[in-house]
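Computed over heavy atoms, backbone and side chain alike; hydrogens, waters and symmetry mates excluded. These numbers come from a predicted model, not from an experiment. Numbers for residues simply follow the sequence, beginning at 1.
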Amino acid sequence: MSAKVISGKEVAARIKQELAREVGLLKTKYNVTPGLAVVLVGEDPASQVYVRNKEKGCDLVGIYSEKHVLPADVPQDKLMSLIEQLNNDAKIHGILVQLPLPEQIDSQAVLEAIRADKDVDGFHPYNVGKLMVGEARFVPCTPQGIMVLLKESGMDLKGKQAVIIGRSNIVGKPVALLLLQEHATVTICHSRTKPLSEQTLRADVLVAAIGRPRFVTADMVKPGAVVIDVGVNRLPDGKLCGDVDYDAVAEKAGAITPVPGGVGPMTIAMLLSNTVKSARLHNNIVE
Ligand code: GUN
């Protein structure tokens with residue numbers, strides 16, 4: 001069998017087109033321009049690429065964006081005062097602090113300092129809690145993008161076995177909650193799960209978010225499964241590859257997301273969507 005390729009690039013392009021129309025309407029009808037502030041600490045190359053893509057996405061759909069770059073050795077209080085300033089800036093509806101942060105920074109304190117109603121990443125404990133009780137306001141971008149792609153695959157998740165490899169706060173845990181909301185039976189695995197393939201072979205939906213190149217091999221995948229690859233790994237030759245051994249797994253799976261062009265573009269699209277949503281909420285625009 002050869003898997004259907006779920007193109008996040010195409011789905012994201014469609015979503016961005018819709019957002020551009022919506023932003024146009026917010027501007028002309030309500031004189032509201034959604035605004036996003038992105039904070040980058042240090043010079044991590046992968047983070048720089050993400051941030052650049054976020055800026056490009058904002059430009060494309062008409063969102064105002066500003067980038068704040070701080071040196072890697074910035075003290076905590078400097079970063080906190082920038083966040084305070086952005087919290088109080090009326091033209092900013094979304095604040096995103098690019099993770100990971102350098103070691104001297106207390107990341108959780110930073111995430112908690114962001115106003116929950118500007119937390120377009122959905123990482124503030126208030127938003128995490130709202131997601132947990134099924135009343136999400138801002139859903140983390142990558143998990144939200146994964147759910148859109150699963151819908152795109154055409155699979156009805158009700159009663160299906162969903163297995164996630166990875167238990168991060170950014171992907172593994174929130175996507176588990178979203179899959180549960182769609183009535184899937186959810187298993188979260190991680191690097192210490194033994195034996196891992198016993199779990200993955202049961203999966204109708206397999207989400208790989210472990211951060212190891214080509215970790216998921218064909219012998220770990222149930223025939224016909226929908227495989228979502230969240231990994232973005234840089235190989236020694238400079239090429240990107242996912243957490244899934246794509247060529248071999250694509251022969252066995254029913255549907256699969258590529259890397260690049262799968263989950264990555266969806267993360268950006270969902271961030272833009274959350275920013276527009278925040279601008280609406282801040283201005284009580286319900287239409
Ligand atoms: N680093 C990797 N993914 C993300 C994300 O979704 N948000 C932020 N802020 N940092 C990240």
Side-chain angles (χ1 to χ4, degrees), residues 6-41 46-70 82-99 111 114-124 127 136-149 151-152 170 174 232 257 260-287:
I6 312 169
S7 169
K9 196 172 165 187
E10 282 173 28
V11 180
R14 217 186 307 143
I15 292 170
K16 283 189 279 193
Q17 238 173 26
E18 285 162 23
L19 286 171
R21 201 186 43 78
E22 201 179 331
V23 170
L25 190 77
L26 289 178
K27 285 181 184 172
T28 52
K29 195 164 174 191
Y30 298 96
N31 199 26
V32 168
T33 300
L36 175 70
V38 177
V39 180
L40 176 61
V41 182
S47 292
Q48 284 178 330
V49 173
Y50 288 139
V51 167
R52 205 171 319 125
N53 287 336
K54 284 163 190 172
E55 283 181 299
K56 274 202 275 189
C58 285
D59 287 348
L60 189 75
V61 307
I63 293 174
Y64 166 77
S65 77
E66 56 185 46
K67 180 170 79 168
H68 298 264
V69 183
L70 300 173
L82 172 61
I83 288 167
E84 190 55 28
Q85 177 197 317
L86 296 169
N87 279 343
N88 295 320
D89 186 339
K91 66 180 182 301
I92 296 300
H93 305 101
I95 302 169
L96 179 144
V97 178
Q98 186 65 34
L99 301 176
L111 298 179
I114 296 171
R115 259 174 72 158
D117 64 359
K118 294 190 177 187
D119 169 38
V120 285
D121 250 334
F123 294 160
H124 189 286
N127 289 319
R137 174 172 51 185
F138 295 121
V139 176
C141 303
T142 300
Q144 200 182 336
I146 291 170
M147 296 311 286
V148 174
L149 291 181
K151 199 165 261 179
E152 195 70 19
I170 296 180
V232 183
T257 62
V263 173
M266 293 301 294
T267 300
I268 308 277
M270 295 302 112
L271 171 69
L272 304 175
S273 170
N274 279 351
T275 305
V276 173
K277 182 178 182 180
S278 182
R280 284 180 174 282
L281 290 170
H282 279 261
N283 291 281
N284 298 312
I285 302 169
V286 287
E287 100 176 89

**Message:** I want to check something: taking the side chain as every heavy atom from C-beta on, are Glu66 and Leu86 in contact at a cut-off of under 4.5 Å?
**Reply:** yes

**Euclidean distance, Leu111 CG relative to Asp119 CG, rounded to 0.5 Å** = 7.5 Å

**Asked** Quick one: are Lys56 and Ile268 in side-chain contact, heavy atoms under 4.5 Å?
**Response** no

**Message:** Quick one, Leu271 with Thr267, criterion side chain to side chain contact (heavy atoms under 4.5 Å, CB included). Give me CA distance, side-chain angles, the key distance, then yes/no.
**Reply:** CA-CA 6 Å; Leu271 171 69; Thr267 300; 5.9 Å; no

**Within 6.0 Å of CD in Glu10, more than 12 heavy atoms from elsewhere** = no

**Message:** A side-chain contact here means heavy atoms from C-beta on lying under 4.5 Å apart; do Arg280 and Val286 qualify?
**Reply:** no

**By side chain to side chain contact (heavy atoms under 4.5 Å, CB included) - contacts of Ala136 (at least two apart)** = Leu131, Val139

**Item:** Ile15 side chain near Val148 side chain, heavy-atom distance below 4.5 Å
**Value:** yes

**Message:** Under a 3.5 Å distance rule, please check whether Thr275 uses its side chain to pair with a backbone N or O of Gly94 as donor and acceptor.
**Reply:** no

**Prompt:** Is the side chain of His124 donor-acceptor paired with the backbone N or O of Lys118 at a distance under 3.5 Å, no angle test?
**Reply:** no

**Prompt:** Are Thr33 and Lys91 close enough that some pair of their side-chain heavy atoms sits under 4.5 Å apart?
**Reply:** no

**Message:** Looking at Lys151, I want to see if its NZ is surrounded by more than 12 non-hydrogen atoms of other residues, nucleotides or ligands under 6.0 Å.
**Reply:** no

**Asked** Do other residues, nucleotides or ligands put more than 12 heavy atoms under 6.0 Å from Asn88 CG?
**Response** yes

**Message:** Does any part of the side chain of Asn274, heavy atoms only, come nearer than 4.5 Å to the side chain of Cys141, both counted from C-beta?
**Reply:** yes

**Item:** Note, Phe123 side chain near Leu99 side chain (heavy atom, < 4.5 Å)
**Value:** yes

**Message:** A side-chain contact here means heavy atoms from C-beta on lying under 4.5 Å apart; do Ile146 and Met266 qualify?
**Reply:** no

